[in-house]
Amino acid sequence: MAKTRKKEKITGAKALLYSLLEEEVETIFGYPGGAIMPIYNELYDIEDEKLNHILTRHEQGAAHAAQAYAMVTGKTGVCFATSGPGATNLITGIANAFLDSVPVVFITAQVTSTLIGSDAFQETDILGISMPVTKWNYQIKQAEKIPEIISKAFYIASSGRPGPVLIDITKDAQLQTLAFNYQKCTSLRSYNPNIPLNPADIESAAILINHARKPLILAGHGILISKAGKELMAFVEKTGIPVASTLLGLSAFPVKHPLYAGLLGMHGNYGPNVKTNEADLLIAIGMRFDDRVTGDLKRYAINANIIHIEIDRSELNKNVEVDIEIHGDAKEVLKALIDQVKANSYPEWLSEFKLCNKTETDKVIKRECYPSRGEIRMGEIVSLISEKTQGEAIIITDVGQHQMATARYYKFKNPNSLITSGGLGTMGFGLPAAVGAKVGKPNVPVIAFIGDGGFQMTIQELGTILQYQLPVKIIILNNSFLGMVRQWQDMFFDKRYASTELVNPDFVKIAEGFDISARRVKERKTLEISIDEMLSCKKPCLLEIMVEKEGNILPMIEPGSSVSEITLCLSVNKDL
């Protein structure tokens with residue numbers, strides 16, 4: 001806890017750092033530059049207090065690292081960047097945090113206030129640019145506003161449905177002096193994230209739940225955000241209702257639990273997708289009915305009543321019209337429901353999921369995870385690492401085929417153990433996210449699955465790993481393609497592989513240039529021993545695994561299809 005400072009005369013730059021300490025910030029990710037130099041100058045000798053700064057190699061990397069740090073720690077991430085290109089380089093990371101509802105406070109510097117609007121060197125209207133992808137943004141032109149605005153920023157970013165906030169501070173505001181006095185923000189007249197539950201909604205939902213014959217829970221990211229894992233477990237074990245997870249909801253419920261039904265969505269499991277259209281009740285918790293989950297909306301949940309539990313009112317009835325909307329925090333809603341639902345079980349309904357799982361295992365999983373010949377497959381790598389880590393590692397993914405293979409085959413055991421880019425689908429997310437996750441959880445193994453395409457988008461963050469000697473495990477699943485785009489070209493564009501095949505550099509040599517131990521695996525016979533060596537390594541380690549070049553991730557709900565029209569395997573004419 002930072003010490004209390006009353007009426008101390010300091011610069012605006014120091015006031016910013018003191019404000020962060022008052023918010024119990026320990027780590028900042030960032031990259032310096034001209035306009036933000038006063039802040040970094042104060043950071044250089046901020047008395048005896050602990051404020052750790054991680055210098056990334058690109059502002060986008062800092063943004064992704066701050067998001068991952070927030071996701072694994074449950075704290076609000078913090079990211080610094082200078083004006084102009086420094087600020088604009090954050091935008092992808094800000095948008096990523098916005099779509100995935102992650103609290104990050106972005107601090108950008110701005111040119112001197114008298115120069116704003118003059119097209120000064122490295123001046124950019126970062127407020128206008130960032131407005132659509134921030135929960136709130138604000139420009140500070142006077143030093144005395146810094147404590148108040150930073151306090152508001154942390155409150156807004158972390159409360160209700162979390163999200164990124166951007167605060168732009170002019171250079172003269174950083175240099176001006178003020179009498180520092182910090183008061184934590186606990187409420188705002190125009191913003192009320194504390195939503196009282198409506199008892200009638202809870203009662204109505206309980207009645208539907210108690211009378212359902214084929215209910216299914218759709219577990220979303222909101223469960224993790226609200227720290228409602230225990231409440232979800234109690235609710236599930238009392239009601240006996242199976243649980244399916246969205247991509248960002250993975251790790252909210254243990255994958256090995258007997259009531260876990262599988263992954264929803266385009267490349268999810270067969271059972272939960274097909275059974276969505278056979279269920280008579282869907283209980284959607286902290287999820288937004290993304291198009292990757294619903295498929296064709298006109299043919300989605302055709303037999304089901306729907307209960308939607310969601311903290312953001314704008315998500316209710318946005319994509320899917322529901323029968324009971326419960327506007328509230330997932331943790332509080334589940335607590336209220338547990339007392340009103342009856343103990344139950346659904347053996348016949350669960351047996352239908354088991355039959356679907358057997359079908360998927362026979363047609364897909366055996367081939368993907370336990371091949372006896374042919375090229376190495378992504379599924380077998382993920383399954384092997386899942387087994388060896390017993391589901392205890394923090395798993396990072398980039399975006400693409402490897403992301404879907406990881407989501408499908410890693411057996412997540414602990415909350416917040418999958419860090420991935422969901423809503424925005426940002427290639428290049430994986431490597432800097434691994435940095436942020438390892439800084440946030442230094443004592444937990446961090447393993448990053450990254451494709452050869454996405455790896456090259458933020459490859460420079462190997463320098464951050466080198467500088468801070470972060471013992472992350474990087475696995476490049478190399479198929480020399482932009483794999484997911486190639487899969488769509490294979491399935492829907494007559495195999496016309498336009499601009500998707502990659503000529504890659506020597507990743508092993510590049511890693512060694514950053515003093516990172518590296519190895520390439522080409523044959524199955526050396527796969528397991530190479531993984532063992534990587535997992536036992538106490539330093540940063542990179543493993544490049546050459547995988548099936550034209551493999552496809554299945555099952556797949558094809559664009560425009562219903563969730564019940566899921567493709568398990570491909571033939572020449574793409575029949576089911």
Side-chain angles (χ1 to χ4, degrees), residues 58 60 64 89 91-93 95-96 99 247 265-268 290-296 364 367-368 374-379 381-382 397-408 420-432 448-461 474-507 510 520 522 544-562 565-576:
H58 191 284
Q60 181 181 344
H64 292 326
N89 280 344
I91 292 299
T92 297
N96 201 90
L99 283 173
L247 175 64
M266 180 173 277
H267 292 286
D290 177 80
D291 62 290
R292 286 297 200 259
V293 166
T294 63
D296 181 6
V364 179
R367 181 182 71 245
E368 292 299 317
E375 297 173 280
I376 301 172
R377 295 177 183 267
M378 293 183 183
I381 299 165
V382 176
T397 82
D398 208 84
V399 169
Q401 288 183 312
H402 69 277
Q403 177 190 32
M404 295 297 100
T406 303
R408 285 178 53 78
T420 193
S421 172
L424 196 62
T426 304
M427 289 180 67
F429 176 80
L431 190 59
F449 290 98
I450 307 176
D452 48 311
F455 184 68
Q456 293 178 79
M457 288 192 169
T458 49
I459 195 170
Q460 67 273 10
E461 297 309 329
I474 304 161
I475 301 173
I476 301 175
L477 300 183
N478 187 348
N479 56 14
S480 297
F481 266 113
L482 300 175
M484 189 60 82
V485 184
R486 184 215 55 79
Q487 177 168 334
W488 281 52
Q489 289 171 334
D490 175 15
M491 296 177 68
F492 312 121
F493 294 90
D494 298 322
K495 294 183 180 288
R496 291 164 60 86
Y497 297 159
S499 301
T500 47
E501 189 165 10
L502 298 173
V503 176
N504 289 320
D506 189 326
F507 294 124
I510 290 172
R520 181 178 298 111
K522 293 183 177 180
E544 178 189 11
I545 305 176
M546 312 306 291
V547 298
E548 184 180 22
K549 191 167 183 178
E550 296 186 48
N552 291 326
I553 299 296
L554 296 169
M556 181 177 182
I557 301 169
E558 298 183 12
S561 297
S562 162
E565 297 173 333
I566 187 167
T567 301
L568 275 170
C569 54
L570 297 179
S571 61
V572 175
N573 61 1
K574 309 293 188 297
D575 288 339
L576 295 181

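As the structure is a computational prediction, the values presented were derived from the model and not from experiment. Quick note: numbers below take in every heavy atom, side chains included, and nothing from hydrogens, waters or symmetry partners.
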[Y] side chain reached by [X] side chain, heavy atoms, under 4.5 Å:
X      : Y      : answer
Asp398 : Met457 : no
Ile450 : Leu477 : no
Asn89  : His58  : yes
Gln456 : Phe507 : yes
Thr406 : Met378 : no
His402 : Val382 : no
Asp452 : Phe481 : no

Quick one: which of Ile553, Thr397, Val399 gives a side chain to side chain contact (heavy atoms under 4.5 Å, CB included) with Met404?
->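 That would be Ile553; it is the only one of Ile553, Thr397, Val399 passing the side chain to side chain contact (heavy atoms under 4.5 Å, CB included) with Met404.
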
Under 3.5 Å, is there a donor-acceptor pair between the side chain of [X] and the main chain of [Y]?
X      : Y      : result
Glu565 : Ser562 : yes
Asp494 : Arg496 : no
Arg408 : Gly379 : no
Ser561 : Ile557 : no
His267 : Pro555 : yes
Arg377 : Val547 : no

Compare every heavy atom of [Y] with every heavy atom of [X], then report the nearest pair and how far apart it is.
X      : Y      : value
Ile545 : Ile381 : CG2-CD1, 3.5 Å
Leu568 : Arg367 : O-NH2, 4.5 Å
Gln489 : Tyr497 : OE1-CA, 3.2 Å
Leu554 : Thr567 : CD2-O, 4.1 Å
Glu461 : Pro432 : CG-CB, 4.0 Å

Nearest 0.5 Å, please: how far is [atom2] in [Y] from [atom1] in [X]?
X      : Y      : atom1 : atom2 : result
Ile475 : Phe449 : CD1   : CZ    : 4.0 Å
Leu99  : Asp290 : CG    : CG    : 9.5 Å
Met427 : Leu482 : CE    : CG    : 5.0 Å
Met556 : Cys569 : CE    : SG    : 14.5 Å
Phe429 : Leu424 : CZ    : CG    : 10.0 Å
Asn478 : Asn504 : CG    : CG    : 5.0 Å

Answer with yes or no whether the side chains of [Y] and [X] bring together a donor and an acceptor at under 3.5 Å.
X      : Y      : result
Ser421 : Asn96  : yes
Gln60  : Thr92  : no
Asn479 : Gln401 : yes

Which pairs with one or both residues in residues 475-487 pass salt bridge (charged side-chain N to carboxylate O under 4.0 Å, His left out), sequence neighbours excluded?
->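 Only Arg486-Asp490 qualify under salt bridge (charged side-chain N to carboxylate O under 4.0 Å, His left out).
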
Under the side-chain hydrogen bond (donor to acceptor under 3.5 Å, both in side chains) test, residues paired with Gln460 that sit two or more places apart | none

I would like to know whether Glu501 and Lys549 meet salt bridge (Lys or Arg N to Asp or Glu O under 4.0 Å); could you show each step before the answer?
-> CA-CA 10 Å; Glu501 189 165 10; Lys549 191 167 183 178; 2.7 Å; yes

